[in-house]
Structures are given as structure tokens and as C-alpha cells.
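Structure, as C-alpha cells:
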Amino acid sequence: MKSFFDPCYREKDCVPVAYSWYDRADMMKTTLEAVNHSHSLCEIMYVCEGGMSIETEAGRVELGRRQLVWLDAGIRHWNMSFSNELCSMMNIEFQYEASDDRAPSLRAIAQQDEATRHMLERGARVAVLNDTDNTLFRLMKAAIPLADGIDRDSEKLCSLLCVQMMLEIARLLEQNQTQPSGTNRYVTEALAIMRRDYAEPLTAAVIAHQLHIQPTYLHRLFREHTNKTMNEHLQSIRIQQAKLLLTGTGRSLLEIAMDVGISSQQHFSRLFRKWTGLSPQEYRKTHSPGASAE
């Protein structure tokens with residue numbers, strides 16, 4: 001039973017090979033037996049909708065929508081339970097084996113990718129992570145049907161996707177390590193949603209729903225940890241994007257307003273002046289390439 005962190009994987013070329021997987025729409029109905037085991041496979045449990053909890057050697061893990069737990073080989077886990085609402089999950093289990101050129105080896109990746117190297121150095125055998133931008137969701141959705149395939153090409157593609165999953169897990173772990181001390185997890189995730197979806201009709205209720213918390217609680221966290229409101233952060237992100245569009249494109253003010261999630265040109269112009277002290281037209285004139293220093 002070899003851990004992902006066993007030095008042997010960096011002494012020779014090894015790649016992940018999937019041995020177990022599922023994508024279930026209703027875990028309460030489709031989980032036929034109690035989980036209480038450890039095994040030689042590395043494992044990723046991913047909650048698509050609803051919520052679940054499970055006991056591990058490192059403590060109790062609770063997951064909500066778009067969250068996952070990474071379990072190293074040999075980590076015992078037991079007592080899986082689900083929230084009363086519908087819980088859908090994905091799971092994939094794999095182990096590292098001698099490379100046959102189906103995918104880049106862990107040794108080669110560790111030499112080139114700093115986040116993977118740091119992950120191996122830290123030895124995080126259990127990690128709860130937030131898939132804010134849905135990268136792991138897409139990778140697992142693509143890998144699981146390939147794992148069901150019996151042809152050689154499907155096996156190779158599945159291994160490649162498992163490599164990408166581990167790269168993303170290493171990136172998320174690195175992101176957690178570099179998060180400023182005192183920053184709240186929900187605030188960090190909410191800001192990531194704003195930066196990703198600023199062009200959408202975002203509200204505190206929409207963001208809080210994605211994070212599975214109450215809007216009033218999220219508002220309070222922002223005031224406590226940033227001394228700004230959620231709306232101020234969202235406006236700032238939208239205005240920064242608008243600046244880029246004003247100086248880098250010839251799009252009209254209405255088009256730019258719509259591009260950054262503001263439905264009214266008048267409201268856009270008023271907000272822009274509030275944040276920059278200039279009208280959008282003045283900003284474009286003075287900050288576009290070729291504009292005079294004056």
C-alpha cells in the first residue's frame with residue numbers, strides 16, 4: 001500500500017491508472033454498503049450537489065457543493081453520511097504504476113511544476129478543497145466515462161486526465177498556502193466568483209447560494225475581513241474590466257457596460273466617474289495608447 005508521497009514514484013517514471021470510479025445522482029439510494037476501509041488507491045471524492053460528511057484518520061470531513069476531499073492511499077475512512085437533500089457525487093480511485101508513456105510521469109511533473117513539488121514536500125495526505133472555477137468537475141466528468149472504456153486509447157486519456165486532476169489539486173493546495181493570514185475562506189471564494197462571473201447579474205444571494213451560506217452572514221464576513229461591502233468589491237472588479245475595454249477596444253459605452261454586467265449606460269457612466277473621477281469618454285481619451293501624458 002504505497003502512499004502518493006512514497007519516494008519510489010520520483011525515482012522511476014510512474015503514472016496514475018484508474019481502478020474504481022462512479023458518478024451517482026442520488027447517493028442516499030445508490031450507496032449500498034457502509035464505507036469503512038482503507039486501500040492502496042489514491043482517491044478523490046467530489047460533491048456535485050447537496051452535502052456529505054465522512055470520518056477520516058485526519059478528522060471529520062464535511063463537503064458541500066463543488067467541494068472535494070483528496071485522500072492518499074492507505075488513509076482509512078468510514079461513516080459516510082449525506083444531507084437530507086439530494087446528494088450527487090463523483091469518485092475516482094487510482095494508483096501510480098510504471099510508466100508506459102501513456103502520460104507524463106510524476107517525476108517529470110515534479111521537476112517542472114512548482115505546486116506539485118510543494119505538494120510532495122508537504123505530504124498533505126487528506127485535503128478538503130474548493131473547486132471554485134469547476135476545473136476538477138470538468139476533468140472528472142470527462143475521466144469517468146473513459147475509465148469505463150476497454151480500449152487502449154480510453155485508458156491513456158483517463159490517465160492523462162488523472163494527471164491533470166493532480167496538477168489542479170496541487171494548484172489548489174498551493175493557493176490555500178499562499179492565502180493571506182486572516183483571510184476568510186468564504187470571502188476568498190466569493191471574490192473568486194466575482195472575478196469569474198462579474199459580467200453576470202450577480203447578487204449577494206446568488207453568491208451565497210453557491211457557497212451554501214446565508215447572504216446576511218456573507219455580508220458580515222466581508223465587512224469584518226475587508227472593511228468593504230460585497231457591492232463595493234464587485235463594482236471595483238467591473239470598473240477595472242471596463243478600463244481595459246475602454247483603452248483596448250473600440251466598443252461603445254453601452255457595449256462595455258453590458259460586457260461588465262451593468263445593464264444601463266447611464267448607471268455605468270455614473271459608477272465609472274465615482275470610482276475614477278473621470279467619465280468613461282475622458283478616461284478613454286487620456287489613457288488610450290498614443291494619448292498625451294498631459
Side-chain angles (χ1 to χ4, degrees), residues 25-28 44-56 58-71 77 79-90 124 126-138 140 168-169 171-241 260-263 267 271 274-275:
D26 191 338
M27 292 295 295
M28 294 183 73
I44 302 170
M45 294 182 181
Y46 189 108
V47 174
C48 305
E49 297 290 344
M52 63 83 70
S53 63
I54 191 167
E55 301 286 348
T56 78
R60 185 176 181 82
V61 169
E62 296 188 1
L63 301 178
R65 181 177 181 270
R66 295 293 194 265
Q67 288 187 307
L68 64 133
V69 58
W70 147 258
L71 297 171
H77 43 288
N79 194 25
M80 180 186 286
S81 60
F82 310 102
S83 59
N84 292 330
E85 60 186 293
L86 178 71
C87 178
S88 61
M89 286 182 62
M90 294 186 290
V126 178
V128 176
L129 300 167
N130 300 287
D131 186 32
T132 308
D133 60 5
N134 297 336
T135 299
L136 274 160
F137 176 82
R138 291 191 290 268
M140 291 186 74
E168 180 64 11
I169 286 172
R171 185 187 72 83
L172 292 173
L173 284 168
E174 187 86 337
Q175 190 177 78
N176 286 353
Q177 290 290 326
T178 57
Q179 181 171 298
S181 176
T183 301
N184 180 270
R185 174 172 69 87
Y186 289 121
V187 171
T188 301
E189 292 174 21
L191 287 170
I193 291 170
M194 291 182 196
R195 295 187 189 102
R196 184 192 69 201
D197 297 338
Y198 64 86
E200 304 298 323
L202 282 181
T203 64
V206 169
I207 296 171
H209 177 73
Q210 293 187 44
L211 300 177
H212 302 282
I213 60 175
Q214 292 297 316
T216 52
Y217 178 54
L218 188 57
H219 275 301
R220 180 162 62 81
L221 288 175
F222 264 83
R223 287 193 296 270
E224 289 177 358
H225 290 274
T226 72
N227 293 319
K228 292 182 181 179
T229 66
M230 289 183 66
N231 196 43
E232 287 172 335
H233 280 284
L234 182 57
Q235 287 181 3
S236 175
I237 291 167
R238 285 172 167 167
I239 295 303
Q240 290 301 318
Q241 294 298 321
V260 299
I262 302 172
S263 58
H267 182 49
L271 275 180
K274 171 187 171 183
W275 281 89

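For clarity, every value in this text was computed on a predicted model and none was experimentally measured. All values below come from the heavy atoms of this structure, side chains included, with hydrogens, waters and symmetry mates left out.
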Practice item. Could you tell me whether the side chain of I169 reaches within less than 4.5 Å of the side chain of L136, counting heavy atoms only? Key: yes
Review point. Between S88 and E49, is there a donor-acceptor pair closer than 3.5 Å when you use the side chain of the first and the backbone of the second?
Key: yes
Check your understanding: If every non-hydrogen atom of C87 is compared with every non-hydrogen atom of G51, which pair is closest and at what distance?
Key -> SG-O, 3.5 Å
Check your understanding: Picking from L218, T216, L211, what satisfies side chain to side chain contact (heavy atoms under 4.5 Å, CB included) with Q214?
Key -> T216
Exercise for review: Would you mind reporting whether K274 and Q235 have side-chain heavy atoms less than 4.5 Å apart?
Suggested key: yes
Point to revise | Closest approach of W70 to A124 (non-hydrogen atoms, all atoms of both residues) | key: NE1-O, 3.1 Å
Check your understanding: Does the R238 side chain pair with the main chain of V260, one donor and one acceptor, at a distance under 3.5 Å?
Key -> yes
Check your understanding: Hey, does R66 have a side-chain heavy atom less than 4.5 Å from the side chain of N130?
Key -> no
**Study point:** Residue pair L191, H233: steps toward the side chain to side chain contact (heavy atoms under 4.5 Å, CB included) verdict
**Key:** CA-CA 8 Å; L191 287 170; H233 280 284; 3.7 Å; yes
Review point. V47 and G64: which non-hydrogen atoms are nearest, and at how many Å?
Key: CB-O, 3.4 Å
**Study point:** Test log, rule side chain to side chain contact (heavy atoms under 4.5 Å, CB included), inputs I44 and M140
**Key:** CA-CA 9 Å; I44 302 170; M140 291 186 74; 3.9 Å; yes
Review point. Of all heavy-atom pairs between F222 and T226, which one has the smallest distance, and what is that distance?
Key: O-OG1, 2.6 Å
Exercise for review: Using modelled atom types only, decide if a donor and an acceptor are shared between the side chain of S236 and the backbone of E232 within a distance under 3.5 Å.
Suggested key: no
Point to revise | Pairwise side-chain contact, M52 with M45, heavy-atom cut-off 4.5 Å (strictly under) | key: yes
Review point. Between L234 and M194, which heavy-atom pair has the shortest distance, and what is it?
Key: N-SD, 3.9 Å
Check your understanding: Do N231 and T229 have a side chain donor and acceptor closer than 3.5 Å?
Key -> no
Review point. If only atom types and distance count, is the side chain of R60 paired as donor or acceptor with the main-chain N or O of I54 below 3.5 Å?
Key: no
Practice item. Output, in order, the C-alpha distance, side-chain angles, deciding distance and verdict of side chain to side chain contact (heavy atoms under 4.5 Å, CB included) for E62 and Q67. Key: CA-CA 9 Å; E62 296 188 1; Q67 288 187 307; over 6 Å; no
Exercise for review: List the atom of V206, the atom of P201, and the distance in Å for their closest heavy-atom pair.
Suggested key: CG2-O, 4.4 Å
Check your understanding: Between M89 and F82, is a side chain to side chain contact (heavy atoms under 4.5 Å, CB included) present by the stated rule, with each step listed?
Key -> CA-CA 10 Å; M89 286 182 62; F82 310 102; 3.9 Å; yes
Exercise for review: Over 60° means perpendicular and under 30° means parallel, so classify the ring planes of F137 and Y46, tilted if in between.
Suggested key: tilted
Check your understanding: Between R171 and D133, does at least one N-O distance fall below 4.0 Å, as a salt bridge requires?
Key -> yes
Review point. Counting only N and O atoms by type, is there a donor-acceptor contact under 3.5 Å from the side chain of H212 to the main-chain atoms of R65?
Key: yes
